[in-house]
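As structure tokens, the structure follows; a few thoughts come after it.
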Amino acid sequence: MNDLHYLKLLAKDFPNEQVCGAEIINLRAILALPKGTEYFFSDLHGEYEAFHFLLRSASGEIRAKIDEIFGSLVSEEEQLFLANLICYPDEILRKRKKDGSFTREFQILTLNRLVSIAKELGLNYTRSKVRKKMPVNYAYAIDELLHTDVNDSNKKDYHKEILNAIVDIDQGEDFIIALCNLIQVLAIDQLHILGDIFDRGPHPDKIMDELMSFKDVDIEWGNHDIEWLGASLGNKALICSVVRIATSYNSFDVLEDGYGINLRPFSMFASEIYKDDPCTLFYPHILDQNVSDYVNPQLVAKMNKAITILMLKEEGKTILRHPEYHLEDRLLLNYIDYEKKTVTIGGKVYPLKSTLFPTIDPNDPYKETPEEENILASLVYSFTHSQKLHEHMAFLMQRGSMYRVYNGNLLYHGCIPMDKDGNFLSLDTDEGKVSGKKLMDYFDKKICGAYFTRDTKDIDLLWYLWVGPLSPLFGKAKMATFESCFLDDKDVKKEIMNPYYSLVEKEETIDKILEEFSLSPKTGHVINGHVPVKVKAGESPLKANGKYYVIDGGLSKAYHSKTGIAGYTLISSSHYIALAEHKGFVKGEENTPLIRITERAPVRIRVKDTDKGVELRSQIEDLTDLLHAYQSGLLPQKY
């Protein structure tokens, strides 16, 4: 009876034998199509311009497709122009109109070439899916252009007249832009973002807007994403952390212009409280200039020190509230000798580089001054009442998770915490000890609890995910912010990585992780972000006999001197898996990544071989049962 009840519900969408049969035919045909191309990005760190280029160029795949289609028929210069046009159609056409080169001949030629590219990319999809990706106003004309055989003499004039009409009615610019946008969305079927959308770069807000306009995207949360999520929920320690990083990297545009965070009371407080302290050690890293609001670097340094002290106080309060975190050794304000101007860490005494602490009471170092309490209240209000920020966090939750299993691969940002022998480390929780997959599932549930129920204990746990030694998103023994700010000793500043990061070099480690998530070690891969690949030091993004990819996008300018490159995109098509090695992005220059195929499929992968195929076959089974119910008279048909 339950099955019959389900079939009755299904019959509302497929009311008779003909409609039901037509859908079965459609779904079976889709199963035979090539698998759509997946793109894996990680660690975008607010670098919108670079990400925008990589997304619009499909990390160089569109450039490769242009060469494949036109080859020697089109010069290298013209191919590059086409690739740039597809990425930035509005800007390039604006320039051509200004210099008088937006001629009729140019429009007809460009439309023809763009149609050829869109037609080739559209072969991986059903005609209806391609049409859904088209702009509504031009869908009919573009559909006709894509599906008219110009080699058919009966259709050649028809195709030609469509193009002539477009130009004659002065719609050439709009159609070229529409085709460029269509090519962009056809090039990427599924987009995976393996964490850290937020952080040092100037515009994670624009990246989020871009992702929200993309239909098929999933996000595997990174530590910086959780940091911003916690800040949006009012966690004071994470609010301070977000502001500290923004002041450290001169990223005021994202706070003030992007999310409307009011920093004026805070800047006035910092200016006054540190008026006699140059705060030289807190001078910002100026990787980008603020556009919306210039802030004097000397003032930024004072703000940076003020928010660092506030953060240490709030972190201390969090640790004292949660002894179960076992982070008492990070209560470093307790270990400062304010007279001798030293701090004791791990039994060793270190001199402090910065010794002026006008807001710290040595007898109660985590107590805030009334002025600090007012500043925190102002910041909490701004973060919890930013409409734009909460729209972005809602999307982050809707599309996000700690990890994802997709087409036989395991995707996550940070690590699966391990000991040096490769055993999964356990975390003591309110649900008992959890490790491996259960640890990831536990944090996934707690993040949802923090966001949807506003449970204060779960919100505090977001801070642990940011800094905790057993956090899969952090993966280090400690976050050495205090040591980096106040001490000279290099050894005490080191943030020791979890053994996971060396163990993943071994194939047996990856096999163990894949089996933990019920995936096949023979065909599966672990795809990971978080850690920049130091190519110039001889590191490779491909490890464990080809089963493990670390694809930190490396877009953050702060990492370029360490890595020697600007990170990777992983591309998984129906034919192969490839790595696209990014260049340091400079707008207007040749930025096309270098694509290297790392694994070829023995036979072309079809939709039937994917997770989508499993879903479609299940739908076909249900529809077949409905069809039999109609044919046997068990259910009446409606026409």
Side-chain angles (χ1 to χ4, degrees), residues 43-48 195-208 221-233 235-259 261 263 266-267 270 279 281-290 293 295 297 299-315 318 375-376 379-380 382-383 386 389 392-393 396 413-414 462-463 465-467 471 473-474 476 478-486 493 495 530 532 552-560 562:
D43 299 85
L44 308 176
H45 289 303
E47 296 290 349
Y48 169 72
D196 279 1
I197 296 163
F198 293 85
D199 191 20
R200 300 163 177 82
H203 277 298
D205 55 314
K206 290 186 178 181
I207 292 178
M208 288 299 294
W221 298 314
N223 50 319
H224 286 281
D225 307 320
I226 293 302
E227 177 198 26
W228 274 79
L229 176 65
S232 77
L233 297 175
N235 182 280
K236 293 177 182 178
L238 290 175
I239 287 173
C240 290
S241 181
V242 164
V243 176
R244 188 193 72 81
I245 290 175
T247 54
S248 293
Y249 288 91
N250 196 45
S251 299
F252 288 90
D253 277 351
V254 63
L255 291 177
E256 297 186 304
D257 184 48
Y259 291 123
I261 305 299
L263 296 177
F266 171 52
S267 67
C279 300
L281 298 174
F282 295 86
Y283 200 85
H285 308 277
I286 302 179
L287 303 175
D288 297 280
Q289 295 295 334
N290 292 299
D293 188 14
V295 184
L299 174 57
V300 176
K302 296 178 190 296
M303 294 170 70
N304 192 356
K305 183 172 182 180
I307 202 67
T308 299
I309 297 299
L310 259 177
M311 183 189 76
L312 292 170
K313 289 183 177 184
E314 283 300 323
E315 288 187 340
T318 306
I375 292 304
L376 273 175
L379 289 172
V380 168
S382 281
F383 273 90
S386 169
L389 179 58
H392 286 173
M393 292 303 107
L396 195 70
H413 176 73
L462 300 183
W463 177 79
L465 274 167
W466 169 240
V467 301
S471 163
L473 301 182
F474 181 51
K476 297 178 184 178
K478 67 178 182 182
M479 184 174 286
T481 305
F482 179 92
E483 293 88 337
S484 296
C485 291
F486 294 101
K493 293 180 184 181
E495 297 180 341
H530 193 45
D552 185 322
L555 299 185
S556 175
K557 300 179 184 73
Y559 293 137
H560 292 183
K562 298 178 182 178

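Only this structure's heavy atoms are used, side chains among them; waters, hydrogens and symmetry mates stay out. The structure presented is a predicted model; accordingly, all values stated were derived computationally and were not measured.
Scored by the side-chain hydrogen bond (donor to acceptor under 3.5 Å, both in side chains) test, Ser471 finds no partners at all (sequence neighbours excluded). Looking at residues two or more places apart in sequence or on another chain, you find a side-chain contact (heavy atoms from CB on, under 4.5 Å) between Lys478 and Arg330, Ala480, Glu483, Val492. Partners of Ser382 by side-chain contact (heavy atoms from CB on, under 4.5 Å), not counting sequence neighbours, listed by chain and number: Ile261, Asn262. Take Lys302 and apply the side-chain hydrogen bond (donor to acceptor under 3.5 Å, both in side chains) test, not counting sequence neighbours, and it matches no residue. Under the rule for a side-chain hydrogen bond (donor to acceptor under 3.5 Å, both in side chains), the partners of Trp463 that lie at least two apart in sequence or sit in another chain are Glu315. For the salt bridge (charged side-chain N to carboxylate O under 4.0 Å, His left out) test, no residue two or more places apart in sequence or in another chain qualifies with Lys236.
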Is there a side-chain contact (heavy atoms from CB on, under 4.5 Å) between Ser267 and Leu299 once you walk through the steps?
-> CA-CA 7 Å; Ser267 67; Leu299 174 57; 4.3 Å; yes
For Val243 and Leu310, what are the C-alpha separation, side-chain angles and deciding distance, and is it a side-chain contact (heavy atoms from CB on, under 4.5 Å)?
-> CA-CA 11 Å; Val243 176; Leu310 259 177; over 6 Å; no
Give the C-alpha distance, both sets of side-chain angles, the deciding distance and a yes or no for side-chain contact (heavy atoms from CB on, under 4.5 Å) between Leu465 and Phe474.
-> CA-CA 7 Å; Leu465 274 167; Phe474 181 51; over 6 Å; no
For side-chain contact (heavy atoms from CB on, under 4.5 Å), just list the numbers for Asp196 and Asn223, CA-CA rounded to whole Å, side-chain angles, deciding distance to a tenth of an Å, and then say yes or no.
-> CA-CA 6 Å; Asp196 279 1; Asn223 50 319; 3.1 Å; yes
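Proximity of Asp199 to Ser251: side-chain heavy atoms (C-beta onward) are nowhere separated by under 4.5 Å. Between Tyr48 and Pro202 there is no side-chain heavy-atom pair separated by less than 4.5 Å. With contacts defined as side-chain heavy-atom distances shorter than 4.5 Å, the pair Trp228/Met208 does not qualify.
In this structure a side-chain-to-backbone donor-acceptor pair under 3.5 Å is missing from Asn250 to Pro297. Judged by distance alone, with hydrogens and angles left aside, the side-chain atoms of Asn235 form no donor-acceptor pair with the main-chain N or O of Gly230 at under 3.5 Å. Panel note: side chain Ser386, backbone Phe383; no donor-acceptor pair is recorded below 3.5 Å. Looking only at distances, no side-chain donor or acceptor of Trp221 sits under 3.5 Å from a matching main-chain atom of His413.
Taking CH2 of Trp466 as the reference point, atom CG of Asp225 lies at 10.0 Å (rounded to 0.5 Å). To the nearest 0.5 Å, atom CD1 of residue Ile307 and atom CD1 of residue Ile245 are 11.5 Å apart. Rounding to the nearest 0.5 Å gives a distance of 4.5 Å between NE2 of His392 and OH of Tyr259. Atoms CD and CD1, on Glu47 and Ile207 in that order, are 7.5 Å from each other to the nearest 0.5 Å. Note that CG of Asp257 and CG of Asp205 are 7.5 Å apart. Values are rounded to the nearest 0.5 Å. Within the model, atoms CG of Leu263 and OG1 of Thr247 stand 9.0 Å from one another, a figure rounded to the nearest 0.5 Å.
The heavy-atom pair separating Ala301 from Pro284 by the smallest distance is N-CD, 4.3 Å. Across Pro204 and Ile197, no two heavy atoms sit closer than the pair CB-O, 3.6 Å. Heavy-atom minimum distance, Ile239 versus Ala231: CG1-O, 3.5 Å.
Test Glu227, Glu314, His224 against Ser241 for side chain to side chain donor-acceptor pair (under 3.5 Å) and you get one pass: Glu227. Partner Ile226 forms a side chain to side chain contact (heavy atoms under 4.5 Å, CB included) with one of Leu396, Leu473, Leu238 and no other, that one being Leu473.
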